[in-house]
Peer 1: 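Let me begin by handing over the structure; questions about it come next.
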Amino acid sequence: MAFLCRNAALLLKSSRSAPAALSAVRLGSSVGQYEHILVEKRGENKNVGFIQLNRPKALNALCDGLMKEVEKALDHFEADGDVGAIVITGSERAFVEMQNRTFQECYGGNFLAHWNRVSTVKKPVIAAVNGFALGGGCELAMMCDIIYAGEKAQFGQPEILLGTIPGAGGSQRLPRAVGKSLAMEMILTGDRINAQEAMRSGLVSKIYPVDQLVSEAVKCGEKIAANSKLVSAMAKEAVNAAFELPLAEGNRFEKRLFHATFATDDRKEGMTAFVEKRKASFQDN
């Protein structure tokens, strides 16, 4: 299980300045104390939630604690009406292994069950991955809606090398992202793929230089947040349904959501603005 938890914090070799870090700590204090993450709002209009995994001490007992803090931050941004998208990134600090957990502890405690919160957030979530995203790091990235990678990023599910298998969705999400053959190769051999191969296979949508990665992810979040938050949530729900439903049922589900947008003021505003050749002013209702 080493890589499962050890690499969840390797989503980014971040290049954050001291003032930004202090700002994150101050904001984190205002929305609740966080020990393992930095939380703030970014973007010109402060409409992008930003979560950075920040675990300076690799203590085995804190892995679940970090993910519970991520869950808490996500809940906070979900309830914040000003936030239209969320960016999750990491640091170059690594998680430590959890090989001392017993079957009884894992099964009885439903180990890793709460990790799935990242994938159930209604607002779009962007992963900014730089460095190693192995095991839990790769699984965490795949729970997000969009993955941006730094040019030196690497992805992998190497649990097989430790005598176990992915436990937070890796065996289910990876085939959906890259196809069965590559997913089988990665999971059965523990081999990694680099950012370029990840993009070719569909796991990653864009690649940026290390020092531009986070800012580009925030820019993407700003673009999303400028749209109707209500309709963005509906669009996300429609796309995610494609991974769960047969094509015919998926099309019916899309039509129901499409028709539902006609009951919103934002749909009226968007189409009126288009006709009047002006920028739409969405009110998220």
Side-chain angles (χ1 to χ4, degrees), residues 1-13 36-37 53-71 88-120 127 129-144 147 149-150 152-198 200-204 243:
M1 288 290 273
F3 286 105
L4 178 62
C5 203
R6 184 166 69 92
N7 291 287
L10 288 175
L11 287 178
L12 171 74
K13 289 183 178 176
H36 313 303
I37 61 177
L53 310 185
N54 180 50
R55 201 163 171 269
K57 295 183 179 179
L59 300 176
N60 184 46
L62 297 181
C63 181
D64 260 6
L66 183 145
M67 289 307 297
K68 288 177 180 176
E69 287 189 356
V70 170
E71 181 179 359
I88 297 181
T89 191
S91 69
E92 50 187 299
R93 293 285 186 178
F95 283 17
V96 297
E97 64 270 6
M98 298 167 12
Q99 72 268 26
N100 291 326
R101 285 184 180 262
T102 65
F103 167 77
Q104 289 83 357
E105 290 172 332
C106 291
Y107 188 77
N110 202 14
F111 179 48
L112 298 183
H114 61 276
W115 279 44
N116 201 50
R117 177 65 180 117
V118 178
S119 66
T120 62
V129 180
N130 196 2
F132 299 105
L134 309 176
C138 188
E139 289 172 311
L140 180 59
M142 289 190 292
M143 292 180 198
C144 299
I147 303 177
K152 296 182 180 180
Q154 294 187 41
F155 299 83
Q157 298 290 161
E159 291 87 350
I160 195 74
L161 304 177
L162 303 169
T164 186
I165 67 171
S171 67
Q172 303 304 301
R173 291 188 175 94
L174 191 60
R176 287 170 166 81
V178 305
K180 178 183 176 181
S181 181
L182 180 56
M184 279 287 193
E185 181 182 13
M186 292 173 66
I187 291 173
L188 294 177
T189 66
D191 287 349
R192 309 169 185 177
I193 59 174
N194 59 28
Q196 291 70 30
E197 188 171 2
R200 287 195 298 269
S201 64
L203 180 62
V204 166
F243 295 95

Peer 1: Measure across N130 and G150 and return the closest heavy-atom pair with its distance rounded to 0.1 Å.
Peer 2: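 Nearest heavy atoms, N130 then G150: OD1-CA, 3.8 Å.
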Peer 1: For the residue pair D191 and M186, establish whether any side-chain heavy-atom pair is separated by less than 4.5 Å.
Peer 2: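 No. Closest side-chain heavy atoms not under 4.5 Å.
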Peer 1: What are the two closest heavy atoms between V118 and I88, and how far apart are they?
Peer 2: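 Closest heavy-atom pair between V118 and I88: CG1-CD1, 4.1 Å.
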Peer 1: Any side-chain heavy atom of I187 within less than 4.5 Å of one from I165?
Peer 2: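 When only atoms from C-beta onward are counted, I165 and I187 do not touch, as no gap falls below 4.5 Å.
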Peer 1: Any side-chain heavy-atom pair from L134 and F155 closer than 4.5 angstrom?
Peer 2: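 SC-SC contact between L134 and F155 ruled out.
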Peer 1: With a 4.5 Å heavy-atom cut-off, do T89 and L53 have their side chains touching?
Peer 2: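 Not touching, per the 4.5 Å side-chain cut-off.
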Peer 1: P158 and G135: which non-hydrogen atoms are nearest, and at how many Å?
Peer 2: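 Taking P158 first and G135 second, the nearest heavy atoms are CD-N, 3.5 Å.
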Peer 1: Do L140 and M67 touch side chain to side chain, with heavy atoms closer than 4.5 Å?
Peer 2: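 L140 vs M67: side chains touch.
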Peer 1: For residues M142 and L174, determine if any side-chain heavy atom of one lies less than 4.5 Å from a side-chain heavy atom of the other.
Peer 2: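 In short, these two side chains touch, coming nearer than 4.5 Å.
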Peer 1: To check you understand the geometry: which heavy-atom pair defines the closest contact between G190 and I160, and what is its length?
Peer 2: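 In terms of heavy atoms, the two residues are closest at N-CG2, 3.7 Å.
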Peer 1: Nearest 0.5 Å, please: how far is CE in M143 from OG1 in T120?
Peer 2: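 So the gap between those two atoms works out to 10.0 Å.
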Peer 1: State which residue, out of Q157, R192, R173, fulfils the side chain to side chain contact (heavy atoms under 4.5 Å, CB included) condition with C138.
Peer 2: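 Single side chain to side chain contact (heavy atoms under 4.5 Å, CB included) partner of C138 among Q157, R192, R173: Q157.
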Peer 1: As a quick check of understanding, evaluate side-chain contact (heavy atoms from CB on, under 4.5 Å) for L203 and V178, giving each step before the final call.
Peer 2: CA-CA 6 Å; L203 180 62; V178 305; 3.9 Å; yes
Peer 1: Of all heavy-atom pairs between A195 and A149, which one has the smallest distance, and what is that distance?
Peer 2: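 Nearest pair, atom of A195 first, then A149: CB-CB, 4.2 Å.
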Peer 1: Rounded to the nearest 0.5 Å, how far does SG of C144 lie from CD of E139?
Peer 2: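 Rounded to the nearest 0.5 Å, the CD-SG separation comes out at 12.5 Å.
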Peer 1: For the backbone of I193 and the side chain of Q154, can you confirm whether one donor and one acceptor N or O come within less than 3.5 Å of each other?
Peer 2: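 Not confirmed, Q154 side chain does not pair with I193 backbone.
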